[in-house]
Novice: 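Okay, handing you the structure first.
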Protein chains: 2
Amino acid sequence: MATRHAKEPGKQPARQDAKAKLLEAALATIRTKGYAATSVDELCAAAGVTKGAFFHHFKSKEALGVAAADHWSQTTAEMFAAAPYHDHADPLARVLAYVAFRKALLKGGVPEFTCLVGTMVQEVHETSPAIRDACDRSISTHAKTLEADIEAAIAARKMKPDWSAASLALHTQAVLQGSFILAKAKGGAEAAADSIDHLIRYIELLFGATPR
Amino acid sequence: MATRHAKEPGKQPARQDAKAKLLEAALATIRTKGYAATSVDELCAAAGVTKGAFFHHFKSKEALGVAAADHWSQTTAEMFAAAPYHDHADPLARVLAYVAFRKALLKGGVPEFTCLVGTMVQEVHETSPAIRDACDRSISTHAKTLEADIEAAIAARKMKPDWSAASLALHTQAVLQGSFILAKAKGGAEAAADSIDHLIRYIELLFGATPR
DNA sequence: GAAGTTACATACCAACCAGTCGGTATGTCG
DNA sequence: CGACATACCGACTGGTTGGTATGTAACTTC
């Protein structure tokens with residue numbers, strides 16, 4: 001029985017460590033194998049904690065799914081907020097730079113660049129309203145961050161389009177999610193990159209810019 | 001080949017019935033709950049057969065997944081081959097009518113209009129190469145059926161685009177798959193329809209037609 | 001420094017999972 | 001007819017599942 005009470009900072013595993021490690025393990029594992037095929041035991045093993053810790057922090061596997069989606073929303077929001085595409089003066093340039101940025105993210109293995117909530121919502125949309133809503137929130141909130149720039153680009157050109165900024169913002173997400181499916185089917189990012197190029201071309205044409 | 005015909009009408013359940021019923025049950029159930037969350041027992045119950053019948057026709061659950069993807073490829077291919085969008089004289093009109101046809105298919109509940117192979121490949125891309133390949137075949141073969149019309153539309157306008165007919169064909173599938181994810185996240189087809197409208201607008205702009 | 005709370009660990013369970021196996025009913029073919 | 005194959009049945013198995021009950025060490029508060 002080893003009693004150690006080392007009080008120095010950064011020694012033993014921090015107290016709230018298990019929850020964070022479980023969420024990180026959930027992101028990686030669910031993106032690779034999907035939600036249903038990921039077991040609680042597996043998550044615990046990947047996180048290096050026990051099942052007691054899991055059910056202490058999450059009242060069920062479904063609650064972990066919701067928390068994982070929320071965690072995903074938060075970390076991706078921070079990442080996009082800090083991304084350089086906001087730096088352009090012209091709003092259309094910012095929108096195009098955003099899409100180009102998304103294309104540039106297609107690096108590494110398929111599970112590393114695909115979307116957690118897109119994967120999860122496909123599986124649980126009929127069986128877990130809580131997870132579905134969390135995924136919807138993640139996608140819709142992110143799309144919302146594009147609306148102001150799209151709106152400004154419309155206004156700057158005095159356009160009166162028969163489509164809304166909101167629908168174009170959601171369309172960008174549809175193309176990205178669809179491109180991830182192509183990447184998964186083909187085992188590589190090439191087709192996904194081509195599809196994103198088509199999206200860039202569409203936005204250029206929509207706003208009357210010269211397509212490359 | 002082996003012509004197996006019932007001798008008299010009004011007989012007992014046909015002999016090859018179980019396999020077909022299992023495949024139909026697989027399409028419905030997997031589209032609703034996903035592949036991993038669908039158990040063999042559940043499939044058997046939905047098809048009204050026993051587990052003995054299941055493992056007689058499919059050597060494993062994974063084999064059923066492959067067969068379901070192939071069955072999906074076949075039935076959808078027949079359905080699209082018989083669809084009216086081929087009737088237009090102009091190849092671009094055929095392409096646009098195809099996309100409009102896909103939009104018109106967004107009827108009923110979400111599991112009824114979404115795509116089996118898009119759902120499955122998201123889950124199993126890293127864990128079941130056999131199913132992933134079957135899903136890739138389904139998507140890529142279907143996309144291929146659009147290439148000739150796109151190519152003809154390019155040639156008719158003497159265009160020299162920096163994108164290929166193949167990539168545009170795959171892009172249509174990406175948009176459709178992405179729109180299904182939006183539909184699943186939002187629990188309805190509206191956002192999916194809007195996204196398909198953007199795809200129609202893109203193709204019109206690409207080929208210099210007047211956008212509506 | 002006792003009391004209470006939080007953050008884990010250990011041990012366990014009933015339900016469920018994919019897959020097996022011996023058996024039967026119903027063909028086909030010679 | 002008999003020999004053999006195919007189609008299907010349903011009980012069974014061993015391992016896994018999500019979830020629980022209980023214990024305990026560490027931190028917080030007074």
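To find a chain, count down the sequence lines: A is the first, B the second, and so on, and within it residues start at 1.
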Novice: Could you check how far CG of B/D17 sits from P of C/dG27, rounded to whole Å?
Specialist: 13 Å
Novice: Considering residues at least two apart in sequence or located in another chain, which fulfil the side-chain contact (heavy atoms from CB on, under 4.5 Å) criterion with A/A47?
Specialist: A/K21, A/L22, A/A25, A/V49
Novice: CG of B/L64 versus C1' of C/dG19: gap in Å, rounded?
Specialist: 13 Å
Novice: Pairs in or reaching into residues 165-194 of chain A: which pass ring-ring contact (aromatic ring centres under 6.0 Å, His included), with residues at least two apart or in two chains?
Specialist: A/H171-A/Y202, A/H171-B/H198
Novice: Salt bridge (charged side-chain N to carboxylate O under 4.0 Å, His left out) for B/R137 and B/D70? Distances and angles first, verdict last.
Specialist: CA-CA 9 Å; B/R137 252 180 281 135; B/D70 289 344; 3.1 Å; yes
Novice: I'd like to check the salt bridge (Lys or Arg N to Asp or Glu O under 4.0 Å) partners of A/E112; sequence neighbours left out, ordered by chain and number.
Specialist: none
Novice: Between A/H56 and C/dT6, is there a contact of a side-chain N or O with OP1 or OP2 at under 4.0 Å?
Specialist: no
Novice: Of the listed nucleotides (D/dC9, D/dA7, C/dC8), which one gets closest to any side-chain atom of B/H57?
Specialist: D/dA7
Novice: Honestly, is B/K61 close enough over B/Y35, meaning NZ or CZ under 6.0 Å from the six-membered ring centre and within 45° of the axis?
Specialist: yes
Novice: How sharply is the helix from C/dG1-D/dC30 to C/dG30-D/dC1 bent, taking the axes over five pairs at either end and rounding to 10 degrees?
Specialist: 20°
Novice: If a protein heavy atom is under 4.0 Å from the base, mark B; if only from the sugar-phosphate, S; if neither, -; do that for nucleotides 17-22 of chain D going 5' to 3'.
Specialist: BBBB--
Novice: Does the side chain of A/Y98 pick up a donor-acceptor pair with the side chain of A/R102 at under 3.5 Å?
Specialist: yes
Novice: Do the side chains of A/K33 and A/E42 get close enough for a salt bridge, i.e. N-O under 4.0 angstrom?
Specialist: yes
Novice: Looking at residues at least two apart in the chain, or sitting in another chain, which of them share a salt bridge (Lys or Arg N to Asp or Glu O under 4.0 Å) with B/D136?
Specialist: A/K186
